[in-house]
Protein chains: 2
Amino acid sequence: MADPLLLYPGYSLRRAASAMMGEFAQRLAPLSLRFADSSAMMMIAANPGITASALGRMLDIQRANMVPLLNRLETAGLIERKPLDGKSHSLALTAEGQDKLDKVTAVVSEFEAWLLARIPEEHRAHFKPALDALWRD
Amino acid sequence: MADPLLLYPGYSLRRAASAMMGEFAQRLAPLSLRFADSSAMMMIAANPGITASALGRMLDIQRANMVPLLNRLETAGLIERKPLDGKSHSLALTAEGQDKLDKVTAVVSEFEAWLLARIPEEHRAHFKPALDALWRD
DNA sequence: ATAGAATTGTTATATCTCATAACAACAGAG
DNA sequence: CTCTGTTGTTATGAGATATAACAATTCTAT
């Protein structure tokens with residue numbers, strides 16, 4: 001079967017990302033977290049007191065879509081929302097959230113190591129720089 | 001703002017793929033096609049007579065999800081379904097589909113060139129091989 | 001200081017993508 | 001010829017993502 005799509009780096013990018021997201025989601029599932037949940041928790045931990053809007057900007061998630069995400073994390077007892085001024089809320093991990101975060105970072109580290117190991121070493125060092133050039137500018 | 005996610009190649013992969021898909025979708029929009037539509041058309045053109053199931057297998061799209069995709073292309077007059085045996089259907093582009101495909105390949109070529117140009121040249125040759133190692137195995 | 005502009009959190013809604021289960025009709029292997 | 005697997009399809013649900021609207025609030029510039 002001829003596969004003309006195999007010629008295109010853009011198609012490889014899509015398929016690789018989809019495959020890796022699937023793998024990662026599977027590894028995350030035992031923690032009852034989604035991908036966006038785990039990123040949000042890591043970002044909140046690194047920036048305690050961050051507001052929902054600022055968080056959404058860093059994760060490239062619309063303000064409106066942050067609401068169910070944060071509700072989910074709050075309902076699960078993982079984060080806390082505190083009014084900051086009359087408008088913004090300040091986000092922080094709870095103790096339980098910290099515990100969960102430790103498990104998340106363990107999963108992430110293992111996953112990232114696994115991912116990198118799949119890339120032939122002669123290409124490995126070029127992987128992230130090449131990707132970053134495509135979205136950070 | 002600290003961004004711990006920037007350390008992770010997997011996160012870069014996701015963000016880069018999402019950014020590139022957005023760009024590509026925008027370039028494809030004037031043709032009134034979605035990403036999956038364009039891939040399906042390119043694959044059908046390269047493999048005239050392919051069945052829906054085989055096409056789905058190559059594109060990694062479930063059989064069930066091929067139905068609305070192919071309905072869309074057929075309704076738009078771009079492809080034709082012919083009964084092959086009592087079970088399978090054979091897919092082919094119509095003349096109109098060929099015209100559209102020419103426009104699609106033009107968009108794809110321009111997009112892929114634009115994408116590669118964004119990658120610093122010292123990383124460029126490593127990009128696709130690294131990605132392919134993540135999903136073709 | 002104050003009017004106009006921009007931001008925040010939120011609700012509601014729509015679309016797209018993708019996964020699963022079920023089913024009847026059919027083909028192919030042993 | 002029977003059993004097994006495949007095909008196309010319907011129906012359905014989950015997840016992600018985009019937009020518009022809104023009230024409350026803060027910021028900006030004169």
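These numbers come from the heavy atoms of this one structure, side chains and all, not from hydrogens, waters or symmetry mates. Numbered from 1 within each chain, the chains take letters A, B, ... in sequence-line order. The structure presented is a predicted model; accordingly, all values stated were derived computationally and were not measured.
As rounded to whole Å, 14 Å separates atom P of C:dT17 from atom CG of B:Leu70. Atom-to-atom, CE of A:Met66 to P of D:dA16 comes out at 13 Å; the value is rounded to the nearest Å. The distance between atom CG of B:Asp85 and atom C1' of D:dT7, rounded to the nearest whole Å, is 9 Å. Per the geometry, CG belonging to B:Leu55 stands 12 Å off P belonging to D:dT7, to the nearest Å. Regarding A:Met21, its CE atom lies at a distance of 19 Å from the P atom of D:dA14, rounded to whole Å. Between the NE2 atom of A:His89 and the C1' atom of C:dT7 there is a distance of 13 Å, given to the nearest Å. One can place CZ of A:Arg81 at 9 Å from C1' of C:dG9, the figure rounded to the nearest angstrom. One interatomic measurement links the two molecules: CG of B:Leu33 to P of C:dT17, which rounds to 12 Å at whole-angstrom precision.
Under 4.0 angstrom from either OP1 or OP2 of C:dG9 there lies at least one side-chain N or O belonging to A:Ser53. Of the side-chain N and O atoms in A:Arg57, one or more sit less than 4.0 angstrom from OP1 or OP2 of C:dT8.
No hydrogens or angles were tested; on distance alone, nothing pairs the side chain of A:Lys87 with the base of D:dT26 as donor and acceptor under 3.5 Å.
Of the candidates C:dT11, C:dT8, C:dT17, C:dT17 carries the atom nearest the B:Arg34 side chain, counting heavy atoms from C-beta on. With D:dT7, C:dG9, C:dT10 as the choices, the nucleotide that has an atom nearest any side-chain atom of B:Arg63 turns out to be D:dT7. Residue A:Gln62 places its side chain closer to D:dA18 than to any other of C:dG9, D:dA18, D:dA11. Candidate nucleotides D:dA18, D:dG15, C:dT11 were compared by shortest atom distance to the side chain of A:Asn65, and D:dA18 ranks first.
Salt-bridge formation is detected for the pair B:Glu23/B:Arg27: a Lys NZ or Arg NE/NH1/NH2 atom is positioned less than 4.0 Å from an Asp or Glu carboxylate oxygen.
A:Lys128 contributes no side-chain N or O that, together with a main-chain N or O of B:Ser12, makes up a donor-acceptor pair within less than 3.5 Å.
Heavy atoms of B:Ala64 sit under 4.0 angstrom from at least one base atom.
Remark on DNA chain C: of its neighbouring residues A:Ser88 and A:Ser18, the 5'-side contact belongs to A:Ser88, judged by nearest-heavy-atom nucleotide. Mapping B:Ala52 and A:Gly86 onto DNA chain D by nearest heavy atom places B:Ala52 at the nucleotide closer to the 5' end.
Listed by first and then second residue, the ring-ring contact (aromatic ring centres under 6.0 Å, His included) pairs involving residues 31-82 of chain A are A:Phe24-A:Phe35 (not counting sequence neighbours).
With sequence neighbours excluded, the residues that form a side-chain contact (heavy atoms from CB on, under 4.5 Å) with B:Ala130 are A:Ile119, A:His123, A:Phe127.
Proximity of B:Leu73 to B:Leu33: side-chain heavy atoms (C-beta onward) are separated by under 4.5 Å at one or more points.
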